[in-house]
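Numbering of ligands and ligand atoms starts at 1, following listing order. Quick note: numbers below take in every heavy atom, side chains included, and nothing from hydrogens, waters or symmetry partners.
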Amino acid sequence: MKVEILTIFPTIFTNFLQTSLIGKATERNLLSVTVTDIRDFATPPHLQVDDAPYGGGAGMVMKPEPLTAAIESAKERLPKASVILLTPRGSQFSQSKAHEISTREQLILVCGRYEGIDQRVIDLLIDEELSIGDYVLMGGEVPAMVILESSVRLISQVIGNPSSLSEESFSTTGSAEKLLEAPQYTRPPEFRGACVPETLLSGDHEKIAAWRKEQSMQLTAKRRPDLVNPKE
Ligand code: ADE
């Protein structure tokens, strides 16, 4: 997968892209990420990337010219990419969306800042707007990392043990259909007086699977009743 991230804070991504699975996927040529500074496309001497909103109101709006030039330049490098804007106004990102994105060959992620970007850029060049949740961050950089991390780990060959994907929370591929994951334990069998549940030590795989399913259902009903009884 080839990804280009457009941002006015490129250094935010430096460690992220070198670390953990993202770094490994890059080393193994399964992933290639370029980070482009939108300010490189702004006009000297001020290199201004934002301006006051027409009609008044708080905050600043990202100017159309540098952002458009940055997106068009990225599209030249990645002609098959869809252009995704990270914004709290976007449709809700989810595990199934991560699966869908993980199958794409090319992707351009546009990180909005300030109060948003000029609507004409959205109308002209943005294919899709995504939000990672109902809260407002200072910009789209952290959401871009969320989308990248959740999608890249789903690229086949990136994760060592793919069966761990089918049993995790929100999985739509395994037996744990849209349930929260059951509690996990590792050694030692007793820690500060608390023991690992007997069933997990039994070696009886059927009993263990049933225990996990029951724990998953109880936890999901308690914490996320919306997953047990979806409205739609
Ligand atoms: N930018 C600011 N807040 C955001 C959010 N919740 N999701 C995506 N992009 C954002």
Side-chain angles (χ1 to χ4, degrees), residues 1 3-17 19-22 31 33-42 48-71 74-75 78 81-104 106-154 169-170 178 180 223-224 226-227 231:
M1 182 194 275
V3 183
E4 182 148 346
I5 301 173
L6 309 183
T7 171
I8 57 165
F9 294 116
T11 54
I12 290 183
F13 293 95
T14 313
N15 283 341
F16 171 74
L17 291 175
T19 310
S20 187
L21 273 182
I22 299 278
L31 175 71
V33 185
T34 307
V35 182
T36 297
D37 190 344
I38 296 165
R39 216 176 280 279
D40 289 347
F41 296 85
Q48 192 183 346
V49 291
D50 62 328
D51 208 340
Y54 275 121
M60 301 291 265
V61 175
M62 285 178 92
K63 284 170 68 59
E65 307 89 328
L67 190 53
T68 299
I71 296 172
K75 277 170 72 105
L78 302 180
S82 51
V83 184
I84 298 180
L85 172 68
L86 290 320
T87 163
R89 296 170 63 212
S91 49
Q92 172 88 51
F93 182 66
S94 62
Q95 186 68 11
S96 55
K97 189 73 198 172
H99 273 281
E100 192 256 294
I101 289 178
S102 74
T103 64
R104 298 195 195 175
Q106 300 185 345
L107 204 61
I108 297 171
L109 298 174
V110 180
C111 305
R113 275 268 153 180
Y114 312 113
E115 287 308 304
I117 76 175
D118 190 289
Q119 183 62 37
R120 292 165 292 184
V121 182
I122 299 177
D123 297 340
L124 275 172
L125 288 168
I126 300 294
D127 298 310
E128 204 171 349
E129 296 175 72
L130 289 179
S131 162
I132 60 159
D134 290 343
Y135 38 81
V136 180
L137 301 163
M138 289 189 286
E141 283 76 10
V142 170
M145 291 186 211
V146 168
I147 285 168
L148 205 56
E149 182 157 321
S150 53
S151 306
V152 166
R153 65 189 289 282
L154 296 173
S169 297
F170 309 115
K178 292 242 181 191
L180 301 183
R223 291 193 182 161
R224 294 292 306 275
D226 57 304
L227 293 178
K231 284 203 187 83

**Request:** Could you check if a side-chain atom of V3 sits within less than 4.5 angstrom of a side-chain atom of L109, using non-hydrogen atoms only?
**Result:** yes
**Request:** Kindly write out the residues that satisfy side-chain hydrogen bond (donor to acceptor under 3.5 Å, both in side chains) with D226, not counting sequence neighbours, or none if the list is empty.
**Result:** R224
For residues 60-69, which side-chain N or O atoms pair as donor and acceptor with protein atoms under 3.5 Å away, sequence neighbours left out?
unit_1 : atom_1 : unit_2 : atom_2 : d
T68    : OG1    : P64    : O      : 2.6

Protein N/O near ligand 1 N/O, under 3.5 Å, which pairs?
unit_1   : atom_1 : unit_2 : atom_2 : d
ligand 1 : 3 (N)  : L137   : N      : 3.0
ligand 1 : 6 (N)  : G133   : O      : 3.2
ligand 1 : 6 (N)  : Y135   : O      : 2.8
ligand 1 : 7 (N)  : I132   : N      : 3.0
ligand 1 : 9 (N)  : T87    : N      : 3.1

**Request:** Check side-chain contact (heavy atoms from CB on, under 4.5 Å) between A70 and all other residues, then give those that pass, not counting sequence neighbours.
**Result:** L6, I38, F41
**Request:** Verify, without hydrogens or angle tests, whether S20 (side chain) and I22 (backbone) share a donor-acceptor contact under 3.5 angstrom.
**Result:** no
**Message:** Under a 3.5 Å distance rule, please check whether S150 uses its side chain to pair with a backbone N or O of I147 as donor and acceptor.
**Reply:** yes
